[in-house]
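Some notes on the structure that comes next.
No hydrogens, no waters, no symmetry mates; every other heavy atom, side chains included, goes into these values. As the structure lists them, so they are numbered: ligands from 1, and atoms in each ligand from 1.
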Amino acid sequence: MGLLLKGGDVMDPGAGLAGKLDVRVRDGLIAAVAAGLAPDGDTVLDVTGALVVPGLIDLHAHCFVGGSDFGPRTDDMARSTGVTTWVDGGSAGAGTFEGMREWVLSRSRVRMLAFLNISAIGLMYLKIGELNHLPYADVDAAIGTARDHSDLIVGIKVRNQLEVVGDAGVEPLRRAVRAAEAVGGRIMIHCTNPPVPMADLLALLRAGDVVSHFLHGRGHGLLDEKGQVRREVRQARERGILFDVAHGRMHVKFPIARAAIEQGFYPDTISSDLTMGGSAGCVKDLPTTMAKFLNLGMPLPDVIRAATATPAKALGRAGKLGTLAPGAVADVAVFRLERGSFDFEDSHGGHMTGAQRLAPELTVRAGELWWKR
Ligand SMILES: [Zn+2]
């Protein structure tokens, strides 16, 4: 038979599930979520007192081992941190996507999806920005690749950073939008140290597009001169544009994150922007990134939603991924909510002491026990 996760505290804000509930998994799907379920032939996993949530979706991370400067060993990292869906944030472009598919995406047990970089060379060599030579932003090539790999590619990534785009300004973003329009995909934009004010970037984005790194603290950003969340940013959210953490080694500054949270401007999605350097450095992993926001004052259900239901929606897979609703694929993550005194570091060398953290306990992927502490 299947698995029965017994005695846990279920929290699935997207599906409106909360409380002491058991979760039955059969044939790769969530079969039932209810109190006091009997084993009925299932293997019982005692998760008493632990937090049981949908398998996490990391909306922005990197995975192209050997093919770009980025890429942790995805399966090892994913399963031991409760991540069951890993979305590559533009490591590959039209010229390199085939390789990432062949060597990484098709060999991983974690579910993998990707944003295709508008630059055909992707993120192969970061010392020279992938858009310093504008013809790399080849719209036709991106459209062709996105169509050939439409089972994996959910949208187009563009790094709109001054050092990356040089004199090209927002032209790479315009091209990314053209490619995304043609394939019905979303944009994921990197907005650290942008070449133009935030408002000018936001004006080009559409409902469902994702602004990654919005808490960066380098160049024009989220807050105005008075430290308030910009009006254009709030208006963009009202239009349906999503604001994504994408922590990375460069993109979260605690004072900015704290200001945003104090002003009620929570991240829509919490993602890690994980790379080799990030996993060894301040990012560590997605649960650590989530714990930072918990300790900054974002309520736990909102933190969980930001790594489950909302990224599922951003991927066009609402109700199919990032949920424990019966009938959904049985991707489940279990954590201990540990209490104590823990140090967290941002991308600017800033530190914060927090009283809570999420310690991964076990991970179920498509109905099978994938990892256990
Ligand atoms: Zn990234």
Name, closest N/O/S atom of Asp273 to the Zn ion (ligand 1): OD1

CZ/Arg174: more than 12 non-hydrogen atoms of other groups inside 6.0 Å: no

Candidates His216, His213, His60 - the one meeting ring-ring contact (aromatic ring centres under 6.0 Å, His included) with His251: His213

Metal proximity, His62 vs the Zn ion (ligand 1), N/O/S cut-off 2.8 Å: yes

Smallest separation among heavy atoms of Gly217 and Ile256, with atom names: CA-CD1, 3.3 Å

Reference residue Val87; test side chain to side chain contact (heavy atoms under 4.5 Å, CB included); the match among Leu315, Leu152, Asp58: Leu315

N, O or S of His60 under 2.8 Å from the Zn ion (ligand 1): yes

